[in-house]
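The structure under discussion appears below in the form of structure tokens.
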Protein chains: 2
Amino acid sequence: MTTHIFEDAAPSPLAPRRTLRDVARLAGVSVSTASMALADKSRVSASTKQAVRQAAAALSYVPNSSGRALRAQRVGALAVVVPHTSHHVFTHPVFMDLLEGITAAANEHGVTTILSTAPAEHDEAPAYLRILEGRQADGVIVASASVRDQNVDRLAASGYPVTLVGRRPHRPSLHCVGIDDLGGFQALTEHLLGAHGHRRLAHIAGPLDHQSAIDKHEGFRAALAQAGVAYDPSLVVESDYSQEGGHAAALELLEGPALDAIVAANDQMAFGAIEAMRDHGLDAPRDLAVVGYDDIGLARVMHPQLTSVCADLVEVGRLAAERLLELMAGKQPQPVQRELPTTVIVRASCGCPPERIQRGTTA
Amino acid sequence: MTTHIFEDAAPSPLAPRRTLRDVARLAGVSVSTASMALADKSRVSASTKQAVRQAAAALSYVPNSSGRALRAQRVGALAVVVPHTSHHVFTHPVFMDLLEGITAAANEHGVTTILSTAPAEHDEAPAYLRILEGRQADGVIVASASVRDQNVDRLAASGYPVTLVGRRPHRPSLHCVGIDDLGGFQALTEHLLGAHGHRRLAHIAGPLDHQSAIDKHEGFRAALAQAGVAYDPSLVVESDYSQEGGHAAALELLEGPALDAIVAANDQMAFGAIEAMRDHGLDAPRDLAVVGYDDIGLARVMHPQLTSVCADLVEVGRLAAERLLELMAGKQPQPVQRELPTTVIVRASCGCPPERIQRGTTA
DNA sequence: CAACATTGTGCAAACGTTTCGACATCGCGT
DNA sequence: ACGCGATGTCGAAACGTTTGCACAATGTTG
């Protein structure tokens, strides 16, 4: 499979690669001196440094990263791996934000970002482990793994630098950065219960083998409990974070007895739900309040504008990357399960005139 | 900057890395034999192969990619670089699709994908060149570069494998994969002119230093010309592919004389425009038709549902990657400027009852 | 003026892999 | 029985870098 890439290539019209030897020769010094000069070591004289730097510039020398990595036993790269099964779980806009934060942090540290969509989870040697063992990267960020994914445990046990994106409450030894989805979803639900007095709330959940979906469900229940409203399992439908899934789930809910509101676990499903209501000739928020989660950019321009919960996912990515970089640099900080706060963004779809309420976290 | 990453790390509790030497020792053969055995060379006997493979499995040996790359002078990675200035140009959903196609193709060939958001374009040695010269990747895919970006020419001249995403009509020597935006936008505009008889059409353009925006503008003009409608430059506003930009541009247009329709260069700007209309108490399509481009997932669930143009961007990514992989393998195919066809998706925002028309391309 | 500390440079080894050429060993034919 | 080709294995070199150590050159001190 991979082999044919390594077959010999036709000679390309490339200028021959400049190596440190060429630089050294041009500067009239030895290779080792050239190396030290470029690394700005104190052992080499100012004049020599000058000469070497000049030669390097003249040849537009760029150090070969394989050679360097081989010697340093460190490649200077981190891998972002998103399990293949979470293809739709990581809804696009959210994932892009994450990636933005990660690459920003990596760039600042001169570290390369490699992107890996791990194939089969049940594979004997999961993709991320192979990446680490093959020394393609010095550490990995695992995004949105299923709570059942036992590879995550193997990975953590391997001793390699690993950071997880998303809460992982039962793995206290792991470094995680996530969102306080529980608190955020609870606040969202409370808004419907408190400000609007709704009582019959339905919940379109995400895939419940993912912590984010579990947390949101928990938040939903917590809010109900606090308001003294009985939790009715028949009003909870598990779905998959997609519009289509939200659509289907909403259709199912609309078959049942009348509702006051639908609380969807993300914006896409909320959109799907609104679409489904439209099929039934219903309108949000007139007939039914609908709220979402994530506050993707389009939530604001939808009609009705969608009440949602926003969190800084760029920051999540950045923090996860920075923690990983610390680990890669050999520091051994205490594992921290960091949770970022959320903000409920009230718009029209819940029946409110637009306004904004802030909600901190327990963390 | 990058140096501190290479400072020595505290010894981590990692199992010592297994090298080919360990495998060879365990199998009772020499290193070179072990190497050939794992590569399945014909020179080595079946029994030896068996033994080596067994040893490798027992030690869960994974070849070190730096060592391999150094020897092979080929790292087995491609880089996706998106110029920093096009931060918003590559609107999120589109970029994700692209990335999906690229990683899929790369994975199938056992090639790693590295993600590079190039900093300053005017940098002396642009990020992508450094990646190639430093041998971090064997080739690059440049996504959405400005037509003015002279680095692209340097890159092409460098002789390294390069593929561009997006048309590049005046650089026939480059390998490009793009969308027939001209044809697609022309078809979209024709729909408004033909099916609806609209005459006063405004265009919210993308940044006109990008080919996609130029093509759409051309398509817009071509459709007008063909319908015998005069082109009025005052009805064209250049924007930046963002919702906010579309909002502002639409406000500007709404100041002027009455319009029949707004043709936005992407969906986000169309959403922004609809939002702006709402500010003025206007409604689409009642008062004004609005159409977008890209057919992002949410276009279907908006209210009104957005008439748009869809293209297979996953396929664009895949084709670009496959072409790059050919180049990386040493093949020297003729440079091809490939353009994928588009389809106009008619929905409610132009005033139509939903239906679907297909539109091929000139290509 | 000799011995010594200091400063700057070079040599060589090592990182892990692949491949080239040399070299045993064996079976075969003459 | 001897040589010869085939077969399978091994040692060594190379890819480009960094670094420990030895060493040359310089300047300083007794």
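Values below: all heavy atoms of this structure, side chains included; hydrogens, waters and symmetry mates excluded. In the text below, chain A, chain B and the rest are named by the order of the sequence lines, each starting its count at 1.
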Side chain to side chain contact (heavy atoms under 4.5 Å, CB included) assessment of A:L99 paired with B:L99: CA-CA 12 Å; A:L99 222 45; B:L99 222 46; 4.1 Å; yes
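- Taking the nucleotide of DNA chain D with the nearest heavy atom to each of B:L70 and B:A46, the more 5' of the two is matched to B:A46.
- Evaluation of the side chain to side chain contact (heavy atoms under 4.5 Å, CB included) rule for A:A156 yields A:L174 as partners, not counting sequence neighbours.
- In this structure B:R338 satisfies the salt bridge (charged side-chain N to carboxylate O under 4.0 Å, His left out) test with no other residue, sequence neighbours excluded.
- B:S60 pairs by the side chain to side chain contact (heavy atoms under 4.5 Å, CB included) definition with nothing, not counting sequence neighbours.
- Between A:N151 and A:L129, every side-chain heavy-atom pair lies at or beyond the 4.5 Å cut-off.
- In terms of phosphate contacts, B:Q73 brings no side-chain nitrogen or oxygen within less than 4.0 Å of OP1 or OP2 of C:dT17.
- What separates CZ of A:R135 from P of D:dT17 is a distance of 21 Å, to the nearest Å.
- Taking every heavy atom of both residues into account, B:A145 and B:D149 meet most closely at CB-OD2, 4.3 Å.
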Under 3.5 Å, which protein N or O atoms sit close to an N or O of nucleotides 22-26 of chain D? Give each pair with its distance.
residue, atom, partner, partner atom, Å
D:dA22, N6, A:R43, NH2, 3.2

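- Every residue two or more places apart in sequence or in another chain was checked for a salt bridge (charged side-chain N to carboxylate O under 4.0 Å, His left out) with B:R21, and none qualifies.
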Determine all donor-acceptor pairs shorter than 3.5 Å in which one atom belongs to a side chain in residues 314-326 of chain A; sequence neighbours excluded.
residue, atom, partner, partner atom, Å
A:R318, NH1, A:E108, OE1, 3.4
A:R318, NH1, A:E322, OE2, 3.1
A:R318, NH2, A:E108, OE2, 3.1
A:R323, NH1, A:H175, ND1, 3.0
A:R323, NH1, A:Q334, O, 3.3

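- How far SG of A:C176 is from CZ of A:R171: 9.5 Å, rounded to the nearest 0.5 Å.
- Shown here are the side chain to side chain contact (heavy atoms under 4.5 Å, CB included) partners of A:S66, two or more places apart in sequence or in another chain: A:N64, B:A69, B:L70, B:V75.
- Contact annotation: A:R68 side-chain N/O to D:dT18 OP1/OP2 distance is under 4.0 Å.
- Of the residues in residues 27-36 of chain B, those with a non-hydrogen atom less than 4.0 angstrom from any atom of DNA chain C are B:V31, B:S32, B:S35, B:M36.
- The side chain of A:S66 contributes no N or O atom lying less than 4.0 Å from OP1 or OP2 of D:dC15.
- A close approach under 4.0 Å does occur between a side-chain nitrogen or oxygen of B:K41 and OP1 or OP2 of C:dT19.
- Between the P atom of C:dT18 and the CG atom of B:L38 lies a distance of 8 Å, rounded to the nearest Å.
- To the nearest angstrom, P of D:dA12 lies 13 Å from CZ of B:R21.
- In terms of position along DNA chain D, the nucleotide closest to B:S42 lies nearer the 5' end than the nucleotide closest to the other residue of the pair B:S42 and B:R71.
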For DNA chain C, the expected dot-bracket line (Watson-Crick or G-U under 3.5 Å, [ ] crossing, | inter-strand) is ||||||||||||||||||||||||||||||
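- Within residues 47-63 of chain A, the residues approaching DNA chain C are A:T48, by heavy-atom distance under 4.0 Å.
- B:R25 pairs by the salt bridge (charged side-chain N to carboxylate O under 4.0 Å, His left out) definition with B:D22, not counting sequence neighbours.
- In this structure, B:L38 and B:Y61 approach most closely via the heavy-atom pair CD1-CE2, 3.7 Å.
- Pairing each heavy atom of B:K49 with each of B:V44, the nearest pair is CE-O, 3.5 Å.
- The side chain to side chain contact (heavy atoms under 4.5 Å, CB included) check on B:Q54 picks up B:Q50, with sequence neighbours excluded.
- What separates CD of B:E133 from P of D:dT17 is a distance of 13 Å, to the nearest Å.
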